[in-house]
Amino acid sequence: MSKKDNSDKAEALKAGIRSILEYIGEDPDRDGLRDTPGRVVDVLDEHFQGYKQDPKEHLRKTFEDVQGYDELVLVSDIDLHSHCEHHMVPFVGKAHVAYIPSGRIVGLSKLARVVDIYARRLQVQEKLTAQIADSIEEVLQPQGVAVILQCQHFCMCYRGARKAGSWTTTSKLHGLFLKNASSRMELFTLIGMRRELN
């Protein structure tokens with residue numbers, strides 16, 4: 001998209017945000033709201049920058065000199081901020097991402113980046129969980145992949161059912177985590193130990 005097209009879309013969006021402010025009974029020209037349409041456009045660019053990034057690109061640089069390490073690697077409690085595609089309101093929580101290498105490893109921060117990129121799109125938690133796990137499985141081709149997300153959904157906390165404090169847990173398993181009960185148990189034990197330390 002050209003800069004002009006992008007600028008035209010931003011201006012149209014600002015006009016739409018002014019209409020929303022009028023719809024809810026506000027005056028978009030009052031002092032506190034005059035610059036709000038532009039600020040909202042900036043926030044949307046930030047919240048949804050995942051559409052402009054390829055999460056798999058972060059997984060392609062790997063390291064093979066790992067002295068034969070082929071046991072579980074777990075990055076737990078990765079902060080997660082996303083937006084529900086049904087109501088465009090936030091859901092927030094933690095991601096636990098694990099894999100069992102098959103001859104090569106990836107930088108730990110890259111796993112967190114994959115979570116962030118998929119989360120910075122309109123999502124449902126179930127799809128987000130699968131996207132993270134499937135991309136790691138596809139690029140790294142490890143012995144196993146496990147992704148567990150634990151989130152609170154604002155569409156359920158402060159509207160609709162209004163059940164504040166409720167958590168939704170989803171998981172997606174590949175390879176050894178799916179086939180081998182001891183690998184699953186090790187994963188759940190390590191996640192539990194991490195929570196006890198906090």
Side-chain angles (χ1 to χ4, degrees), residues 1-21 23 28 33-63 73-99 104-142 145-157 159 168-172 174:
M1 183 187 305
S2 72
K3 283 186 178 179
K4 183 183 183 311
D5 289 343
N6 204 38
S7 177
D8 289 347
K9 285 191 174 186
E11 290 306 313
L13 182 53
K14 287 178 191 176
I17 293 161
R18 282 182 59 86
S19 295
I20 290 171
L21 292 171
Y23 175 79
L33 293 177
R34 198 170 298 126
D35 296 325
T36 293
R39 287 192 291 258
V40 172
V41 169
D42 291 341
V43 166
L44 290 173
D45 285 341
E46 183 179 343
H47 284 334
F48 301 111
Q49 62 184 276
Y51 288 110
K52 298 172 184 172
Q53 298 174 308
D54 178 5
K56 294 175 185 175
E57 198 57 43
H58 291 282
L59 297 170
R60 293 202 169 99
K61 182 177 180 182
T62 58
F63 306 93
V73 176
L74 168 65
V75 181
S76 59
D77 295 309
I78 301 168
D79 284 331
L80 184 156
H81 303 87
S82 192
H83 286 78
C84 166
E85 68 183 36
H86 300 144
H87 303 99
M88 290 186 73
V89 296
F91 65 93
V92 299
K94 302 286 185 183
H96 313 287
V97 179
Y99 74 104
R104 58 197 178 121
I105 61 168
V106 69
L108 300 176
S109 68
K110 307 305 183 189
L111 300 174
R113 288 186 187 280
V114 170
V115 171
D116 280 345
I117 291 169
Y118 280 122
R120 288 176 183 264
R121 302 175 182 187
L122 289 175
Q123 285 288 8
V124 294
Q125 184 174 330
E126 297 87 342
K127 181 172 70 173
L128 175 58
T129 309
Q131 287 173 332
I132 297 165
D134 292 349
S135 64
I136 295 168
E137 168 75 7
E138 179 186 330
V139 179
L140 295 185
Q141 298 183 353
V145 177
V147 175
I148 298 169
L149 304 187
Q150 297 173 303
C151 299
Q152 289 189 303
H153 292 252
F154 287 26
C155 59
M156 186 171 171
C157 293
R159 63 158 302 280
T168 300
T169 301
T170 52
S171 66
K172 177 71 174 179
H174 286 292

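Worth saying up front: this structure is predicted, and the values here are computed from it rather than measured.
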- Is it true that atom OH of Y23 has more than 12 heavy atoms of other residues, nucleotides or ligands lying nearer than 6.0 Å? no
- Between Q125 and T170, do the side chains contain an N or O donor and an N or O acceptor separated by less than 3.5 Å? yes
- Distance (rounded to the nearest 0.5 Å) between I20 CD1 and L13 CG: 8.0 Å
- What one should report as the nearest heavy-atom pair of L80 and A119 is CG-CB, 4.4 Å
- Note on the structure: Here the gap from Y99 atom OH to L59 atom CG, rounded to the nearest 0.5 Å, amounts to 9.0 Å
- Yes or no on side-chain contact (heavy atoms from CB on, under 4.5 Å) for K94 and I78, after CA distance, side-chain angles and deciding distance? CA-CA 5 Å; K94 302 286 185 183; I78 301 168; over 6 Å; no
- Item | Exam field: side chain Q150 to backbone A95, donor-acceptor pair closer than 3.5 Å | no
- Going by heavy atoms in the side chains, are E137 and P142 under 4.5 Å from each other? yes
- Task: Sort and list the pairs that fulfil salt bridge (Lys or Arg N to Asp or Glu O under 4.0 Å) and have at least one residue in residues 44-54, not counting sequence neighbours.
- Result: D54-R60
- Task: Would you give the length of the straight line joining atom CG of L21 to atom OG1 of T36, rounded to the nearest 0.5 angstrom?
- Result: 6.5 Å
- Which residue pairs pass the salt bridge (Lys or Arg N to Asp or Glu O under 4.0 Å) test when at least one of the two sits in residues 104-130, sequence neighbours left out? E85-K127
- Message: I'd like to know if the side chain of H96 and the backbone of D77 have a donor-acceptor N/O pair within less than 3.5 Å.
- Response: yes
- Validation row: Q131, T129 side chains within 4.5 angstrom (heavy atoms): no
- Task: May I ask you to check whether F48 and H83 place their ring centers less than 6.0 Å from one another?
- Result: yes
- Task: Output all residues satisfying salt bridge (Lys or Arg N to Asp or Glu O under 4.0 Å) with D8, sequence neighbours left out; order by chain, then residue number.
- Result: K4
- In this structure, CG of L111 is separated from NE2 of H58 (nearest 0.5 Å) by 11.5 Å
- For the pair Y51 (side chain) and L122 (backbone), establish whether a donor and an acceptor sit closer than 3.5 Å, ignoring hydrogens and angles. yes
- Query: Are any of the side-chain heavy atoms of H174 and D134 separated by less than 4.5 Å?
  - Reply: yes
- Query: Got L128 and I132 here, is their nearest side-chain heavy-atom distance under 4.5 Å?
  - Reply: yes
- Message: Show the nearest heavy-atom pair for residues P55 and Y118, with the distance to one decimal.
- Response: CG-CZ, 3.2 Å
